[in-house]
2 protein chains.
Amino acid sequence: MRADARKNYDQLLAAAREIVARDGAGASMRDIARQAGVGFGTMYRHFPTREALLEALLRTGFDAMAARADDLEASSAPDEALVTWLRETIAAAHAYRGVTASMIAAIEDPRSALHGSCVAMRSAGARLLAQAQAAGLARNDIDGTDLFAFVGALAWLADQPALAPRTDRLAGIIVEAILMRDLRNPGVMPSEPSSPVDG
Amino acid sequence: MRADARKNYDQLLAAAREIVARDGAGASMRDIARQAGVGFGTMYRHFPTREALLEALLRTGFDAMAARADDLEASSAPDEALVTWLRETIAAAHAYRGVTASMIAAIEDPRSALHGSCVAMRSAGARLLAQAQAAGLARNDIDGTDLFAFVGALAWLADQPALAPRTDRLAGIIVEAILMRDLRNPGVMPSEPSSPVDG
DNA sequence: ACCTGAACACCGTTCAAGT
DNA sequence: ACCTGAACACCGTTCAAGT
């Protein structure tokens with residue numbers, strides 16, 4: 001890759017990060033090329049489709065969340081690892097407004113440029129879920145794709161200005177349901193031995 | 001309203017229903033006008049904004065769901081009323097692909113044409129929730145807007161082809177969490193008298 | 001090799017001209 | 001009163017012409 005091409009590539013990615021954060025996944029391609037100081041044709045040479053551009057933009061973040069899952073798996077209890085990973089992943093997805101739909105469409109389309117990153121992230125979450133399930137800390141009737149679906153739905157909530165402030169609390173309710181916890185009484189701490197945990 | 005204007009209005013609405021069902025909330029306005037056999041100007045005379053058109057399209061459905069809440073409140077146990085209403089409302093929202101976001105944005109914008117219908121529907125759901133809460137059948141730490149948020153998130157799930165088949169099951173998990181039920185063992189039917197139902 | 005922008009076929013929206 | 005479509009400023013995308 002020639003030096004000028006490399007520079008254009010980097011500038012396009014930087015511009016895309018800025019414009020997509022401002023205007024969402026449907027941002028104007030022309031705006032991105034303009035912001036990068038590059039001709040439209042150059043942009044299409046580097047990224048033949050909008051999805052290819054989003055892919056390059058998201059791969060870094062996705063790979064980071066997959067790696068984060070590994071760290072959490074090693075350092076935390078299975079349930080806490082899962083909770084932390086879910087919260088951070090929702091927050092990360094929210095950083096790219098509106099991309100969640102493309103992300104989810106990519107997971108079952110092997111031809112999509114986003115496919116690899118999506119599958120890797122789903123696997124990372126699925127591993128954490130399996131750990132929690134093996135420890136008897138999470139319900140057994142959901143899988144990694146269900147987890148992915150919840151992340152997507154909650155990231156979508158975070159994208160709605162009217163609902164964003166409630167996202168954390170609603171995520172908490174879903175996490176409770178996944179972890180089979182019962183935290184309904186706000187005054188009672190989970191340290192109280194209220195549930196029968198016999199095998 | 002003149003007879004020809006009335007006819008154009010109705011044809012625009014019918015065309016919008018068809019095109020929006022096919023292409024979602026971002027459907028081409030020109031397509032709708034063309035499908036209706038009406039000039040662009042005529043369309044903008046009747047519906048000055050895209051939101052105004054969506055509003056007219058959705059108001060009927062929203063009002064129906066509000067009325068449905070009244071029926072259910074009168075005819076069913078509070079928890080079953082809430083479950084049924086949630087499922088039907090998610091299905092109804094899904095019939096208008098992608099409009100959920102506009103619907104939710106409208107709820108806190110009194111100037112939006114959708115505002116009235118949204119608030120009415122939220123109130124209907126909130127009433128069912130309050131009934132279930134009063135009967136001790138639903139958790140007390142959520143309100144009508146939370147319910148609305150769950151409906152939106154689940155309708156969004158139903159809009160994603162890759163996740164649509166799981167929507168019902170995931171809705172069930174959320175409903176369980178709202179109703180404080182524990183149906184985690186798939187083999188056990190709820191007919192088993194496991195919960196104390198004394199009043 | 002790589003870059004560029006005129007060119008094409010669209011889009012949402014407006015408004016002068018029609019009946 | 002109401003309808004219409006040319007006109008404007010955009011958009012995504014391509015491709016012949018340049019270096």
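What's counted below: heavy atoms across the whole structure, side chains too, no hydrogens, waters or symmetry copies. A, B, ... follow the sequence lines: proteins, then strands. Residue 1 opens every chain.
- Contact of the B:W85 side chain with the B:D71 side chain is not registered, since no non-hydrogen atoms from C-beta on lie closer than 4.5 Å.
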> Can you give the dot-bracket line for DNA chain D, using ( ) for pairs inside the strand, [ ] for pairs that cross earlier ones, | for pairs with another strand and . for unpaired bases, where Watson-Crick and G-U count if both distances are under 3.5 Å?
Replying inline: ||.|||||...|||||.||

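- In this structure, A:M103 and A:F62 have side chains that are in contact, with non-hydrogen atoms separated by less than 4.5 Å.
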>> Between B:T100 and B:V151, does the side chain to side chain contact (heavy atoms under 4.5 Å, CB included) criterion hold? Intermediate values first, please.
In response: CA-CA 9 Å; B:T100 332; B:V151 168; 5.9 Å; no

>> What verdict does the side chain to side chain contact (heavy atoms under 4.5 Å, CB included) test give for A:D146 and B:R169, after you've listed the backbone C-alpha separation in whole Å, the side-chain angles of each residue and the deciding distance to 0.1 Å?
In response: CA-CA 9 Å; A:D146 293 330; B:R169 195 165 43 77; 3.0 Å; yes

>> A:L147 vs A:I178, test: side chain to side chain contact (heavy atoms under 4.5 Å, CB included). Steps then yes/no.
In response: CA-CA 9 Å; A:L147 212 60; A:I178 293 175; 4.0 Å; yes

Distances for protein N/O vs nucleotides 4-7 of chain C N/O pairs under 3.5 angstrom?
{"residue": "C:dT4", "atom": "OP2", "partner": "A:G39", "partner atom": "N", "Å": "3.1"}
{"residue": "C:dT4", "atom": "OP2", "partner": "A:T42", "partner atom": "OG1", "Å": "3.0"}
{"residue": "C:dG5", "atom": "O6", "partner": "A:G41", "partner atom": "N", "Å": "3.2"}

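- Note on B:A27: only backbone sugar-phosphate atoms sit closer than 4.0 angstrom, heavy atoms only; bases stay farther off.
- A:I142 and A:L137 end up in different hydrophobic clusters when Ile, Leu, Val, Met, Phe, Trp and Tyr side chains are linked at under 4.5 Å.
- Side-chain proximity of B:S28 to D:dC11, C:dG12, C:dC3: nearest is C:dG12.
- Side-chain contact annotation: A:H46 with A:N8, donor-acceptor N/O pair under 3.5 Å absent.
- Atom pair A:R2:CZ and C:dA1:C1' shows a separation of 5 Å (rounding to whole Å applied).
- A:R34 places its CZ atom 15 Å from the P atom of D:dA9, with the value rounded to the nearest Å.
- Two residues are said to be in side-chain contact when any heavy atoms from C-beta on lie closer than 4.5 Å; A:Y44 and A:M29 meet this criterion.
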